[in-house]
Amino acid sequence: MSASGAPPIVEIAGVTKRFPGVLALDRVSVDFRSGEIHAVVGENGAGKSTLMNILAGDLLPTEGEMRVDGRPQAFASPLDARAAGIRVVYQELMLCPTLSVAENITMADMAARSAASLVPRAQMRLEARAALSRLGLGGLDPDTRVSRLSIAEMQLVEIARTVRQKARVLVLDEPNSALSHRESVRLFAVVRQLREEGVAVIYVSHHLREVLDLADRITVMRDGRTAETVENTNLSEARLIRAMVGRDLGGVTPWALQAPAPDKSAVPALQAENLTAPGLDRLSFTLHPGEILGIGGLPDSGKDALGEALFGLADRAGQVSVGGRALPPNDPLAAIKAGMAFVPADRRGAGGLMSMGVADNVAVASLPRLSIAGLLKRGAIRREARAQVARLDARISHLAQKLGTLSGGNQQKIILGRTLATNPRVLVLHEPTRGIDVGAKAEIYGILRGIAGEGVGVLLISSEVPELINNAARVLVLRDGRISGELGGAGITEEAVLSRAMAS
Amino acid sequence: MADAVRAGARAAPAGRWSPTRLLQAREAGVFFALLSLCLFLAVATDGFLTSTNLLNVGRQVSLLGIMAVGMTFVLISGEVDLSVGSIYAFSGLATGMLIIAGWALGPALAAGLLTGAGIGFLNGLLSTYGRLPSLIATLGMLSMVRGAALLLTNGQPVTVNARNGADADVLAAFSFMGQGYVFGIVPMQLIFFLGIAALGWFVLSFTTFGFRVFAVGGSAKAARVSGISVYAVKIWAFVLMGVLAALAGILSLAFLPSGQAGRTGLGLELDVIAATIVGGASLSGGEGTILGTILGVLIIGVMRNGLVLMGVSPFVQELMIGLVIIIAVGIDKWSTRRTA
Amino acid sequence: MADAVRAGARAAPAGRWSPTRLLQAREAGVFFALLSLCLFLAVATDGFLTSTNLLNVGRQVSLLGIMAVGMTFVLISGEVDLSVGSIYAFSGLATGMLIIAGWALGPALAAGLLTGAGIGFLNGLLSTYGRLPSLIATLGMLSMVRGAALLLTNGQPVTVNARNGADADVLAAFSFMGQGYVFGIVPMQLIFFLGIAALGWFVLSFTTFGFRVFAVGGSAKAARVSGISVYAVKIWAFVLMGVLAALAGILSLAFLPSGQAGRTGLGLELDVIAATIVGGASLSGGEGTILGTILGVLIIGVMRNGLVLMGVSPFVQELMIGLVIIIAVGIDKWSTRRTA
Amino acid sequence: QSKLADFPLADRIKAKVDAGEKLTIYVSYHDVSNEFAPFMKAGVERAAGEGNVNAQFVGPVGADADAQISEIETLMGQMDGLAISSVSTDALAPVINRVLEAGIPVVTFNTDNPDSKRLAFAGQDLVQSGREAGKLMADTLGGKGKVMITTIDAAAQWSIDRETGAREALKAVPGIEVINTLNTGTDPQEIYAAIENAMLANPDVTGVLSLECCSTPAAGTWVERNNAQDRVKVVGFDLLDETVRLVGSGHIQATIDQAPEQQGFEAVNLLTRFVTGEPIENVDTGVKVYTEDNIAEIAKN
Ligand SMILES: Nc1ncnc2c1ncn2[C@@H]1O[C@H](COP(=O)(O)OP(=O)(O)OP(=O)(O)O)[C@@H](O)[C@H]1O
Ligand SMILES: Nc1ncnc2c1ncn2[C@@H]1O[C@H](COP(=O)(O)OP(=O)(O)OP(=O)(O)O)[C@@H](O)[C@H]1O
Ligand SMILES: [Mg+2]
Ligand SMILES: [Mg+2]
């Protein structure tokens, strides 16, 4: 049911946002109506989150005005936005790690109560449970400390917390970037229900297929401008992509169907024997040079623990060897020296050096190569950084721009650049394209195939089944910390992966 | 390998968390440290396990403890207050001067506590709206307030006694606050400490304000977007700290009954922060419990007392104090497995 | 994509690694504060702008400055060191005793600096593999090392002079280190300070170690993922701090040939940390520059000097010092617009 | 004058005395980490040997009234006698009285506590020694000049007492003006820097009167390094190595010794005599003045 007739709740009129050296938003105009799901799509750095942050009262526009119910309003702080009935699920999670799940979910209520009132812990838990089970997370103990959750769980808690609040406008900025297919489906049901309740839902995403079957209207942003706002009637993915990127992207043929057979006689690039760690149970597999090996599975299958265990960031037992050389546990440095590079899933935490510049982030893992006798080779560092930035088409204003001020997707690209800069022989990627736009995705996949062609072994850990299908020559599906199935060639299909992932 | 798995499993229960829980992993370590310290002293000395001595220790840690309760709030909220030693001096001496000037007890106390609240409020303003790191803001206040105290007293010692003009009844009541005993054995100071600790525990664990303190310290951004006014919460924490520091200073003067702006409470801030952090609070905010703080305070008090009882030379005492602080926190850290 | 490359190209100059840039927003504020302070004193007093006085100030801040350079490394790496005042005392006095005992200068200095390095190493171990908050680890060391210094000297003042048995030539060389002048006017202490500041600036800005210090402080976990041994870097920062604190302590003894374990360097840690943070370093790590630190040190030195020159009463001085610290940092904060 | 007869000695102590057991005497010094502690301690040990008692030398590291009180409270149970030098007269008086009420004899040394009911005092009359210093200053200045008083701790009881005496003596001399007292702080560098700055701020100061051990050599050193011996005279206290040297070299005109070792000795000695029934009264350890002429007596050995 399209609500294009309904009056707009929020209107953005000619809003411009300037950051030092960056024009993030350029005279953007768009309106959001009650009872519609309004998708906002665009390349990394197009300005989506900046726009949402302005709606949320986190940022003040440099120029332009915002109208709520027709009345001009400027949000000086998130409090004003809340007062106007706007609720936001942020792209960068806004949870308090030291508090419990229940406390995070009910935090807004605690803000509303009188400071002298008592904390209704029992009720907190109940409401938390209710909010969680609505997203199919009834199993999660509301007393769990958030710092102990997986990224996916955190994202669900963040959603649960926001969705349960009575909102007139609900902003979801890439809410399911870390979610499994199943979890996403539940989220969509909730979102549709909210639309029926008359909420204006603003949905930012890079998953165009979802967008197409979820949205009533779609706004495409490009280089900080609104390229167009269209009713979602007989639109095609290709059509959207053209509007976003300005060119067509040829469809990708699954890698498995064209990948050269890896040389199984050669020394394995990566070998795990009886690898055991929290969540992993005596895992054994081999990654051959030049092979792209996919790892699939549900969130609790152990696939999320695999990367850290291999790289030595988490305790582990069992054998891990790179190029035939056994690695000591708990020693990332040794792993890197042996030629392993790792892209962790959690961008903010273990990912990048948010307080340091882009060039420094690209260089940090390759210091030995980019220095002589302990002295930094600044020229070389800049050259390397510029090369990676170009190769990954990252949008930055200058090489010293702090990573923390890049758009989410561009941060991800720089972190990828950091690992590519080390010229690894084994590349372990955990959700490498999380939050990355379609255009860039295609290029990154191209790059992966390229380095695989150069003999690098690539371990692709992903919860996006299509990503596995398109890029893996071979897929291992995990369940309960063990390998529940191995797929290859034409055998890698959505159904095959899911059936092996689900408990039988 | 099984080890690693079990490790993962063991982590789960530790994951459950609530500030009201009486003994958390964090405190267990400190509690154990305190216990072993006491056991050791019980056998090593004969004077330690006497009720007189234990009540002495209780009295000796009370003022430190009262301030540590306040510091717990400040640290949990993600800030730190270095000015407490100066507030302790200023408010105490101010109150003393008022009593000498012939004021009644009530008004004098009120005035003294108000000065503490005011300074705390200033600390809060500077560290929030003033956008200064609280370390710098309160470091500045440390020396400003100390200077103010010196000016106020003109550097002269303040002694609250009849000779200096304090009213007899007021003096009696005032002295009782600091020197009195309940049931003839329990020192008033200890009563104050326990009362305030209980109150602090209640506020921190059961009230919405306490909740907000944890939220703000855990992640100011998250708290802000949930509609909690971060600045207000932090300012209140500083005010609370100021009032408690003032109270401690007043009690100290009531006990002694003399103080001197150039010396009273000098360097106290580090003791208070040490006790609180030994108790499990963290400089990075969001962590800490009143119970832990009490344990931290007791460890420091018991150790000082024990070293004296054992007749350890003063220099060696100095050395031991550092050692015990490190070990006390170490026990807790080293007993729990590393979680990278 | 072409766009991005152009962005990179355009950015090239700015792309030069920020800490080397001579004046950053952060420092500009502090620099402005220092400038206005000096201008004010130049007109308010006649003694201030004399070369003698300025060189005096230079000498008076040198030891603080030497330690502040070390503290800059520690703070950027995300830790803090409270034990510097005690190291200053211990290493200085130890060196003095060795010289009195008739050692040659070289060995005595080496031994003194080694004690500093050793204590720093211990601080580092405790704060990394020991997993103690560095605040607690170094607070413990503060009192342990102070106790050790008292035991070492048995509380007696250590005076380095011929009558106590120091060899004449050694004594001459030693005294020159602390009291000597280059070109008859520039104090040796100042030379040491400038030399070490320059060295520190170079290391922090141009070497991989400096880079790693920033990385570790910015996010230890990200640094680890990038193959930096977080613990090793932090330990080295503490060792550096220890050596510089020892050097300052040695120079102090060389300057006035006598020190005493009970008072030498007492409470120095807060001055050093204050100077460094006024200079723009942050307790949460990842931020700070040597230039900023130098400015911070100068602000504190100039202010102390100026207040005396203006004949301000000691009490008011105490008050002013706090005020100026707050304002100095405030200027910088308040001049930059808030970014929510 | 105090006698054992008039004192309600605690039974446990009386018993010990009668049984001829060794008594345990605690000597609480106001800052065991300052330069005099070692001398005091030496005197205490000498007296303990002669008087055949155990003497424990205790006290806070860094003058801290609370710490000194706490320590005494803690030790009260096991002390047969207490000799104390107070961090602060007013703060310590109540404890001292409590100890006395417990039937434990208490004497004061070094820093007296007249407000308490202590039995006797052994040491220098601080106000008196301050007066002496004032007089010496006035004489060396020939009765006219501008004097700056320096102290490392204007807050300390001993400092307050000596300053009182010194100002009193200097006020008596019309030709002499006394400016703000300089509180130098306790770190040697601080002390020197403070004096250096103060002398720049007050170029017309002709006399520096230091109230203690540690700003005395600092003042002398400043004079020496600025060749100011002709325009600035220094009078101070105690006999630290540097002080002795600078008196010898004529950069410090006079210094007053307070015989710390003897003070420590008398502290214990008074108590041992008291419990044996001997009447005791205040012992003045005297004010010995050293100048260029007699400084040689302090032979380095
Ligand atoms: N605080 C800041 N300072 C400087 N530049 C900024 C800041 N925040 C965002 N930008 C820039 O504004 C532009 C838009 O960023 P924004 O986060 O809105 O992109 P986005 O559309 O959300 O991209 P993504 O899909 O990767 O999340 C980017 O070039 C980013 O670098
Ligand atoms: N060299 C090393 N060997 C083993 N573990 C390490 C090493 N360096 C860092 N770690 C681990 O990596 C994590 C990050 O290190 P560290 O705790 O110093 O970061 P941090 O920023 O200080 O964290 P916090 O701010 O929470 O204290 C820690 O869990 C630490 O145990
Ligand atoms: Mg975004
Ligand atoms: Mg740490």
Side-chain angles (χ1 to χ4, degrees), chain A residues 56-58 77-79 81-83 87-88 90 92-100 102-104 106-119 121 141 143-149 161 165 274-282 305 308-309 313-318 329-330 481, chain B residues 1-21 24-26 76 78 202-233 236 281-282 284-288 337-340:
Chain A
D58 288 324
S77 85
L79 298 178
R82 295 185 65 82
R87 299 288 183 273
V88 183
Y90 290 85
E92 306 302 348
L93 302 176
M94 285 282 184
L95 294 173
C96 179
T98 54
L99 291 182
S100 73
E103 287 170 317
N104 271 281
T106 56
M107 197 182 283
D109 311 4
M110 293 302 118
R113 304 162 60 92
S114 108
S117 60
L118 299 189
V119 177
R121 300 224 164 261
D141 177 354
D143 285 335
T144 312
R145 201 175 144 114
V146 161
S147 58
R148 298 180 169 274
L149 299 181
R161 165 173 87 172
Q165 303 174 33
N274 294 321
L275 173 61
T276 302
L280 293 176
D281 183 10
R282 279 164 282 141
E308 304 220 317
L313 286 170
D315 294 293
R316 68 158 184 246
N330 281 313
Chain B
M1 68 162 228
D3 174 60
V5 178
R6 238 181 285 102
R10 218 190 313 96
R16 312 188 84 261
W17 182 80
S18 99
T20 62
R21 268 244 253 73
Q24 311 192 314
R26 189 70 196 251
I76 293 176
F202 177 79
V203 172
L204 203 50
S205 314
F206 297 109
T207 69
T208 306
F209 174 70
F211 176 91
R212 288 181 191 159
V213 174
F214 276 102
V216 162
S219 162
K221 264 187 139 194
R224 190 152 172 275
V225 299
S226 308
I228 295 176
S229 77
V230 174
Y231 283 3
V233 173
W236 275 111
S282 122
S284 41
E287 312 256 15
R337 282 187 82 278
R338 126 97 57 46
T339 47

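Residue numbers start from 1 in every chain, and the chains themselves are labelled A, B, ... in the order their sequence lines are given, proteins ahead of strands.
- For A:R161, the part sitting under 4.5 Å from any heavy atom of chain B is the side chain, from C-beta outward, and nothing else.
- For chain B, the nearby parts of A:S77 are the backbone and the side chain; heavy atoms of each come within less than 4.5 Å.
- To the nearest 0.5 Å, the span separating OG on B:S226 from CD on A:E103 amounts to 12.0 Å.
- Here the closest heavy-atom approach between residue B:R212 and residue A:R113 is recorded as NH2-O, 2.6 Å.
- Proximity to chain B (any heavy atom under 4.5 Å) is shown, for A:L118, by both the backbone and the side chain.
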| query | Where do A:D58 and B:R224 land on the side chain to side chain contact (heavy atoms under 4.5 Å, CB included) test, with the steps shown first? | reply | CA-CA 10 Å; A:D58 288 324; B:R224 190 152 172 275; 4.1 Å; yes
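- Contact count against chain B (heavy-atom pairs under 4.5 Å) is highest for A:M110 among A:Q165, A:E308, A:M110.
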| said: Evaluate B:F214 against A:T98 for side chain to side chain contact (heavy atoms under 4.5 Å, CB included), listing each step before the verdict. | reply: CA-CA 8 Å; B:F214 276 102; A:T98 54; 5.9 Å; no
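- Nearest heavy atom pair, residue A:P97 against residue B:G218, reads CD-O, 3.8 Å.
- Taking 4.5 Å as the limit, every side-chain heavy atom of A:V119 sits out of range of all side-chain heavy atoms of B:T207.
- Taking all atoms of both residues into account, the shortest heavy-atom contact from B:A222 to A:C96 is CB-N, 4.0 Å.
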| message | Could you walk me through whether B:F211 and A:M107 satisfy the side chain to side chain contact (heavy atoms under 4.5 Å, CB included) test, starting with their C-alpha distance in whole Å, then the side-chain angles of each, then the deciding distance to 0.1 Å, before giving a yes or no? | response | CA-CA 9 Å; B:F211 176 91; A:M107 197 182 283; 4.0 Å; yes
